[in-house]
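Numbered from 1 within each chain, the chains take letters A, B, ... in sequence-line order.
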There are 2 protein chains.
Amino acid sequence: MGGNTLKLAETSGAETGAKASPKPDRRRAPETAARILDAAESLFSQRGFYGVSLRDIATEAGVQVALTHYHFGSKDDLFRAVIDRRADEHADGMAQTLAQAVTLAGSRTDRRRAIIRAFITPIVDRSMRGGPGWKNYIRLMALVANLPQGEAFVSPFRQHFDDLIAAYVHALHALHPEMDEGDVHWCFFFFQAMTTHILVESGMLDRQSGGRFSSSDLDAMVDRLVDFVAAGFTGLGAGGD
Amino acid sequence: MGGNTLKLAETSGAETGAKASPKPDRRRAPETAARILDAAESLFSQRGFYGVSLRDIATEAGVQVALTHYHFGSKDDLFRAVIDRRADEHADGMAQTLAQAVTLAGSRTDRRRAIIRAFITPIVDRSMRGGPGWKNYIRLMALVANLPQGEAFVSPFRQHFDDLIAAYVHALHALHPEMDEGDVHWCFFFFQAMTTHILVESGMLDRQSGGRFSSSDLDAMVDRLVDFVAAGFTGLGAGGD
DNA sequence: GTCTATAATGGGATAGAC
DNA sequence: GTCTATCCCATTATAGAC
């Protein structure tokens, strides 16, 4: 996220100087809103909703504090705007990946692994290869998912993704009708719990292993996670091939 | 950050005679400190460090705001005091449970399950049967464990528990020398991730299942979690009996 | 040794300049 | 339609009363 891609606004309002171009400032408005969103996305994903002030966001974006109110309204509204900006693209992409996975042929074990992989892969792909904004966005989603219920500002997240999760659970139960429906829910819940914890980058594995192993290498993590979850299903009654 | 560890009872006025004040009805200092800790513990565990103000804590405790500073110093110091109050008892109890588990006889599968159970059981027991303060404390631990690295106020938590985790990992690797050490770390990391997510009570399972299943019934959860994790180990190379 | 009154700053939000 | 100057209140922390 280089900060030198454009000139920052002049901080002193006294001397604007006579410019050749008549209205150069008009072009800054759309970019201002995007920069506020980028800064909010980055900071919220690091310290959470309460840990970030609108001042922090404005400073990071290089704009006045009140511009956050002008463009997005209240702090709650800004948070919602951050989530909304990428939510549809993310949810649609995951739904497509799931739709492809359920059409695959193979043993039930293979198909189970394909559905599991169809959950974690699009998330990791966006985090690692979607650009800096996506990395922050994914971490924010994970952070929010790890919050206690009753936090008002997390409702936009729930709204966007709960239906999507139901589709994954349904696909897995259709593949394993011998499993109790509750157990399928539990298995996928466990899966989500691991996923969100990893994506929030707590650094727990790194610390506890004395730095020999790192959970920030997401590509190396995916294979282990899929192996672990696929095997975990058998512990709750998933049959073999 | 060099505050001494405070040993304060949980809303118990057992130490009223320490000062022998002529008007003990107005001098309720020991109880005041404990009530501040109780209030801080409860509120921090619900909304996190930044989501709670010293005003909130003082109001909940029924005392003046500045008393939090008098008894505990800064907000950071108060947070540390909340963690320190129960950390030793909790960590020692878990270490004892682990020590008992590793002495058990049986198949390797049984012994693996015993060690896994020796992690989750003392946590759930304290949360559900240790009293209201313990329930809040456990949730606070889980909340803190799910925070991104780089948050300064989480260091007391790490200090207390990282060594304990290493002991669990070591016990599991000793039981499964055929596993790669990194894979053991990863398996236990996955296990911790699930545990902390459940204990933070995100309500995700409840919502996504339309209320038909609930992750707040911890006793019902433990068996499923142990089954899932024990099976998960086999996915990363753990041998059978 | 405990607590009250008050300070000094940072918080989110608004009215109006351009 | 964009942005600046300003507001009022909540926040943490301290100084001093008892």
Side-chain angles (χ1 to χ4, degrees), chain A residues 7-19 22-37 39-40 43-44 47-81 152-153, chain B residues 1 3-4 6 8 13 15-37 39-40 43-44 47-81 152-153:
Chain A
K7 280 280 204 193
L8 291 180
E10 184 75 26
T11 53
S12 161
E15 174 58 45
T16 55
K19 298 296 182 184
K23 290 192 176 183
D25 290 347
R26 292 283 307 258
R27 287 283 153 259
R28 285 199 317 198
E31 190 173 329
T32 296
R35 280 180 37 191
I36 291 171
L37 279 182
L43 291 172
F44 280 144
R47 299 204 303 275
F49 183 77
Y50 298 118
V52 175
S53 70
L54 294 176
R55 270 185 167 71
D56 295 334
I57 293 168
T59 301
E60 176 85 5
V63 301
Q64 294 287 334
V65 189
L67 285 183
T68 65
H69 286 104
Y70 167 65
H71 285 284
F72 300 103
S74 71
K75 188 181 179 183
D76 266 58
D77 294 334
L78 172 58
F79 188 84
R80 173 180 287 269
F153 62 87
Chain B
M1 285 302 196
N4 294 335
L6 295 175
L8 285 171
E15 222 169 315
T16 40
K19 196 66 169 67
S21 153
K23 296 237 178 192
D25 52 329
R26 292 195 57 181
R27 308 284 174 185
R28 307 193 310 175
E31 189 173 328
T32 296
R35 293 214 341 231
I36 291 171
L37 279 183
L43 291 171
F44 280 144
R47 299 202 304 275
F49 182 78
Y50 298 118
V52 176
S53 70
L54 294 176
R55 232 181 189 75
D56 296 333
I57 293 169
T59 301
E60 175 86 5
V63 301
Q64 294 286 336
V65 189
L67 285 183
T68 65
H69 286 104
Y70 167 66
H71 286 284
F72 299 102
S74 71
K75 188 182 179 182
D76 265 56
D77 293 334
L78 172 57
F79 188 84
R80 172 181 287 268
F153 62 87

Original post:
A:Tyr70 or A:Arg55: which one's nearest nucleotide on DNA chain D is closer to the 5' end?
Top reply: A:Tyr70
**OP:** Decide yes or no for A:Phe49 and A:Lys75: does some side-chain heavy atom of the first lie under 4.5 Å from some side-chain heavy atom of the second?
**Re:** yes
Original post:
Between A:Val52 and B:Tyr50, is any pair of side-chain heavy atoms under 4.5 Å apart?
Top reply: no
Original post:
What is the nucleic acid contact for B:Leu54, judged by heavy atoms within less than 4.0 Å: base, sugar-phosphate only, or nothing?
Top reply: sugar-phosphate
Measure [atom1]/[X] against [atom2]/[N] and give the value in whole Å, please.
X	N	atom1	atom2	answer
B:Tyr50	C:dG12	OH	P	14 Å
B:Gln64	D:dA10	CD	P	15 Å
B:Ile36	C:dC3	CD1	C1'	11 Å
B:Phe153	D:dT12	CZ	C1'	16 Å
A:Phe72	D:dC3	CZ	P	12 Å
A:Leu78	C:dA13	CG	C1'	13 Å
B:Asp76	D:dA13	CG	C1'	13 Å
B:Glu31	C:dC3	CD	P	11 Å

Quick check on [N]: is either OP1 or OP2 less than 4.0 Å from any side-chain nitrogen or oxygen of [X]?
X	N	result
A:His69	D:dC3	no
A:Ser53	C:dG11	yes
A:Thr32	D:dT2	no
A:His71	D:dG1	no

**OP:** Could you tell me whether a side-chain N or O of B:Arg35 sits under 3.5 Å from a main-chain N or O of B:Ala61, the two making a donor and an acceptor?
**Re:** yes
Original post:
Which is it for B:Thr59 and B:Asp56 under the side-chain hydrogen bond (donor to acceptor under 3.5 Å, both in side chains) test, yes or no, and what are the steps along the way?
Top reply: CA-CA 5 Å; B:Thr59 301; B:Asp56 296 333; 5.9 Å; no
**OP:** Could you pull out the closest heavy-atom pair between B:Phe72 and B:Ile36, with the gap in Å?
**Re:** CE1-CG2, 3.7 Å
**OP:** With DNA chain C as reference, determine whether A:Ser74 or B:Leu67 sits nearer its 5' end, using the nearest nucleotide of each.
**Re:** B:Leu67
